Amino acid sequence: MYILAGEIGSKKSTFALFTHKKDDRNKRTIGSPIKSKTFYVEDYKKYGNQSVKPERNGQVLEMIKAFITQNCESQDKIYGACLGISGPIYSQEATIDRPNLKTIFNEDDIRQVLPCKIVPVSLLNDMEAIGYGIFLGNGEDQLEELSSVTHQTNSKDRRALMLVGDDGSGKACWYWDEKTYAFRFFSSEGGHTDCASRTDDEDDLLKMLREEKKQRGDLSPVSNENVLSEIGLVKIYQYLQKTGRYNNEFLELKEASQIIEKAQKEKDTLYEDALNMFLSIWGAEAGNLALWFNAQGGVYIGGSPLLIKILKLKKNDFLHAFTNKAESCREYNSSIPVKVFPMEDIVLWGAARFAIDKGFVSLGEAAYARSNK
């Protein structure tokens, strides 16, 4: 009797079977994951398509089938499934449109590969799943504060979430709903908004990125995630290298990890400046998020382990940009706490908690009962 939770990404997907139990108040709660496994999109290319646009295909479905085959016994029951998706979801249908994964699938598609075809299934944007991972249970206890503020936040104040990953970024807001007396999710595709500049260097960086897009035949604007991602850090490094300000040997670095390693070992101004520029852009955008959502409860930052490590080491660059707003808003942003949440398994936990919160266990039990009649 399990809940299947998943985190679906453009490069890899992870699935886990969660147990469940009742607490002292007879309320259903999530237990620990007993089995989990990560699958890589590269290994499932034969189930995909070569179309320019996303089409309905079986890559994600094949991964789920493989996970169930490898980890479930014949007598095991899956009462429901909830998946956190790194892409938009409309009318219970998810779309992932990335260079290495272009796919569309809906809740019924997922249901068809489960042992019982009528159990509840939900698809969540990964930012929503992260929110459930933080704000349900004891998720906030595991967060690390990046800034120290004297402002006393209200437990019902809005929270803004920001995610910066290897090839994209996300933004969302959680607000207190007086009717349900719980936090609720306000969705956003803010990672795809147009990227703006604040400095001459950022102007020139955007010009370089626009020119690269034009050469590929892509006339769309430069988006935030083109800059705020591990890929974006590489682009910043490439831009600074082209300015001619630095005398170091030309190195064609294509991975964020290489730039970070160079900055830590050699303390060369080129690599340091690339990190500082990246963190400044990140901090400024996080500060914008605080203003957009009036997030007095805090701005919660997550990302790839590599980027979070650098964020913690060089937090002053980030926090300076976070508070460096128009004079009337500097004090406002200075009063907002900034917290870092761990990315490891938080989408899985959030998806599982959502399933429990929505009564998937009772609904799944009823579904199995109907299917056995």
Side-chain angles (χ1 to χ4, degrees), residues 1-9 13-23 25-39 58 60-87 89-94 104-137 139 180 182-185 187 345-373:
M1 299 90 157
Y2 305 118
I3 293 294
L4 173 64
E7 177 181 1
I8 310 300
S13 294
T14 302
F15 304 97
L17 293 174
F18 280 81
T19 57
H20 44 86
K21 55 188 177 182
K22 290 185 178 180
D23 61 18
R25 295 171 296 175
N26 205 35
K27 182 180 178 181
R28 188 74 63 177
T29 62
I30 196 68
S32 301
I34 60 164
K35 297 176 182 178
S36 66
K37 185 172 181 179
T38 297
F39 295 82
V60 172
L61 305 183
E62 290 299 324
M63 293 179 195
I64 296 174
K65 286 196 288 186
F67 176 77
I68 292 174
T69 299
Q70 296 168 16
N71 294 281
C72 289
E73 303 294 336
S74 58
Q75 71 274 13
D76 288 340
K77 294 180 180 179
I78 295 177
Y79 282 163
C82 184
L83 309 180
I85 315 293
S86 62
I89 298 169
Y90 302 108
S91 300
Q92 293 80 51
E93 184 168 81
I104 299 173
F105 54 92
N106 59 31
E107 292 178 359
D108 192 56
D109 293 330
I110 303 301
R111 198 175 284 111
Q112 297 310 308
V113 299
L114 300 179
C116 179
K117 314 301 182 189
I118 57 174
V119 297
V121 172
S122 284
L123 304 179
L124 305 180
N125 178 269
D126 56 355
M127 298 301 294
E128 183 174 5
I130 288 169
Y132 274 98
I134 293 174
F135 302 123
L136 288 183
T180 59
F183 273 107
R184 292 301 176 209
F185 176 70
S187 64
D345 295 338
I346 194 169
V347 173
L348 290 176
W349 277 97
R353 283 174 174 152
F354 174 91
I356 292 296
D357 188 54
K358 298 303 180 182
F360 276 27
V361 174
S362 297
L363 295 171
E365 288 177 338
Y368 271 95
R370 291 197 306 274
S371 66
N372 290 331
K373 286 184 178 180

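Values in this document were obtained by computation on a predicted structure and should not be read as measured data.
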Once side-chain contact (heavy atoms from CB on, under 4.5 Å) is applied, do any residues pair with [X], and if so which ones, sequence neighbours excluded?
X    : value
I34  : Y2, L17, T19
E62  : Y44, Y47, K65
E93  : R56, I104, N106
K117 : Q112

Practice problem: Could I get the full list of salt bridge (charged side-chain N to carboxylate O under 4.0 Å, His left out) partners for D108, not counting sequence neighbours? | Solution: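 Partners of D108 under the salt bridge (charged side-chain N to carboxylate O under 4.0 Å, His left out) test: R111.
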Quiz prompt | Side chain H20, main chain A352, donor-acceptor under 3.5 Å | solution =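 Judged by distance alone, no pair lies under 3.5 Å.
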Quiz item: Taking the side chain from N372 and the backbone from Y368, do they hold a donor-acceptor pair closer than 3.5 Å?
Solution: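 A pair under 3.5 Å: yes.
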Self-check item: Stepwise side-chain contact (heavy atoms from CB on, under 4.5 Å) test for I64 and L4
Solution: CA-CA 10 Å; I64 296 174; L4 173 64; 4.1 Å; yes
Exercise. Could you tell me which residues satisfy side chain to side chain donor-acceptor pair (under 3.5 Å) with S36, sequence neighbours excluded, listed by chain and number?
Key: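 For S36 there are no side chain to side chain donor-acceptor pair (under 3.5 Å) partners, ignoring immediate neighbours.
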Please report the closest heavy-atom contact between [X] and [Y], naming both atoms and the distance.
X    : Y    : value
K35  : N71  : NZ-O, 2.8 Å
I118 : A367 : CD1-O, 3.4 Å
V119 : Y79  : CB-O, 3.4 Å
A355 : I3   : CB-CG2, 3.8 Å
L83  : A5   : CD2-C, 4.3 Å
L114 : A81  : CD1-CB, 4.0 Å

Exercise. Could you grab the distance from atom CD1 of I85 to atom CG of L123, nearest 0.5 Å is fine?
Key: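 The CG atom of L123 is 5.0 Å from CD1 of I85, to the nearest 0.5 Å.
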Exercise. Can you measure from CD (E7) to CG (D345) and round to the nearest 0.5 angstrom?
Key: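 Output value for this atom pair is 8.0 Å.
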Do [X] and [Y] have side chains that get closer than 4.5 Å, going by heavy atoms?
X    : Y   : result
L124 : C82 : yes
F15  : I68 : no
I110 : L61 : yes
C72  : I78 : yes

Practice problem: Report the relative orientation of the aromatic rings in F39 and F67; use parallel for angles under 30°, tilted for 30 to 60°, perpendicular for over 60°. | Solution: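 Rings of F39 and F67: perpendicular, as their planes differ by over 60°.
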